[in-house]
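Below is one structure, written out as structure tokens, with a few remarks after it.
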Amino acid sequence: QVQVVESGGGLVQAGGSLRLSCVASGGTFSTDVMDWHRQAPGKQRELVASVSSSGNTNYADSVKGRFTISRDNAKNEVYLQMNNLKPEDTAVYYCKAVVLFSSRGPRFQYWGQGTQVTVSS
């Protein structure tokens, strides 16, 4: 069974930085797109950033220029470097991995349990 585990959340002051990590493990597979999403209290979950297996990236407008997503395909890991954090970045951050068990097989998506990021003003 594929497991997705996030780490690196915490409490930081506004203007500070955090680096989130996510690893997908548990079997033989390759990862396709890997995303970071977040959900603040009372709000819907939103896409923060995504990176394809070839390295193409996309960002939400609210984080462009401040967050950087990267990945290590060999390790099935994805990272989110968050700089110049703002109180409105406070949320639970979730990692999603799209995996393939064979090169021409279907894609499956797996979510992590989330890691809390709190930015104080």
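Numbering starts at 1 and runs along the sequence shown.
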### Query
Considering all heavy atoms of both residues, which atom of G112 and which atom of Y94 are nearest to each other, and what is their separation?
O-CD2, 3.6 Å
## Note on the structure
Heavy atoms of F29 and N76 approach each other most closely as CE1-ND2, 3.5 Å
### Query
Taking C-beta and beyond as the side chain, do W111 and H37 meet within less than 4.5 Å on heavy atoms?
yes
#### Entry: Atom pair OG1 (T57) and NZ (K64), whose distance is rounded to the nearest 0.5 Å
9.5 Å
### Message
Quick check on the hydrophobic clustering: are V117 and V78 connected, directly or via other members, by side-chain heavy-atom contacts under 4.5 Å?
### Response
yes
### Message
V63: which residues meet the side-chain contact (heavy atoms from CB on, under 4.5 Å) condition with it, sequence neighbours left out?
### Response
R38, V48, Y59, A60, R66, F67
### Partner residues of V12 under the side-chain contact (heavy atoms from CB on, under 4.5 Å) criterion, sequence neighbours left out
L18, L85, V119
### Query
Quick one: salt bridge (charged side-chain N to carboxylate O under 4.0 Å, His left out) pairs with a partner in residues 17-33, sequence neighbours left out?
D32-R107
### Query
What's the shortest heavy-atom distance between A40 and A91, and which atoms?
N-CB, 3.8 Å
#### Entry: Between F108 and F101, ring centroids under 6.0 Å
yes
### Query
So which heavy atom on V4 is nearest to which on A24, and how close?
CG2-CB, 4.2 Å
### Task
For the pair V51 and N56, evaluate side-chain contact (heavy atoms from CB on, under 4.5 Å) and give the outcome as yes or no after the intermediate values.
CA-CA 5 Å; V51 57; N56 292 322; over 6 Å; no
### Any donor-acceptor pair under 3.5 Å from S50 side chain to D35 backbone
no
### Task
Of all the heavy-atom pairs spanning A49 and L80, show the shortest one and how long it is.
CB-CD1, 4.2 Å
### Task
Take V98 and T31, measure what side-chain contact (heavy atoms from CB on, under 4.5 Å) needs, and give me the verdict at the end.
CA-CA 6 Å; V98 177; T31 48; over 6 Å; no
### Query
Under 3.5 Å, side chain of R71 to main-chain N/O of S52, donor-acceptor pair present?
yes
### Query
Going through the checks in order, is the side-chain contact (heavy atoms from CB on, under 4.5 Å) test met by I69 and Y79?
CA-CA 6 Å; I69 190 170; Y79 315 100; over 6 Å; no
### Task
May I ask you to say whether D89 pairs ionically with K86, meaning some side-chain N is under 4.0 Å from a carboxylate O?
no
### Query
Got a donor-acceptor contact below 3.5 angstrom from the Q109 side chain to the V99 backbone?
no
### Task
Step through the shown structure and confirm whether more than 12 heavy atoms of other residues, nucleotides or ligands are within 6.0 Å of CD on Q81.
yes
### Query
Counting distance only, does the side-chain N/O of Q3 pair as donor-acceptor with the main-chain N or O of S25 below 3.5 Å?
no
### Message
Return the CD to SG distance between Q113 and C95, rounded to the nearest 0.5 Å.
### Response
12.0 Å
### Query
Hey, are T90 and E88 close enough side-chain-wise for a donor-acceptor pair under 3.5 Å?
no
### Task
Of all the heavy-atom pairs spanning E6 and Y93, show the shortest one and how long it is.
OE2-O, 4.0 Å
### Pairwise distance CE(M34) to OH(Y110) - rounded to 0.5 angstrom
13.0 Å
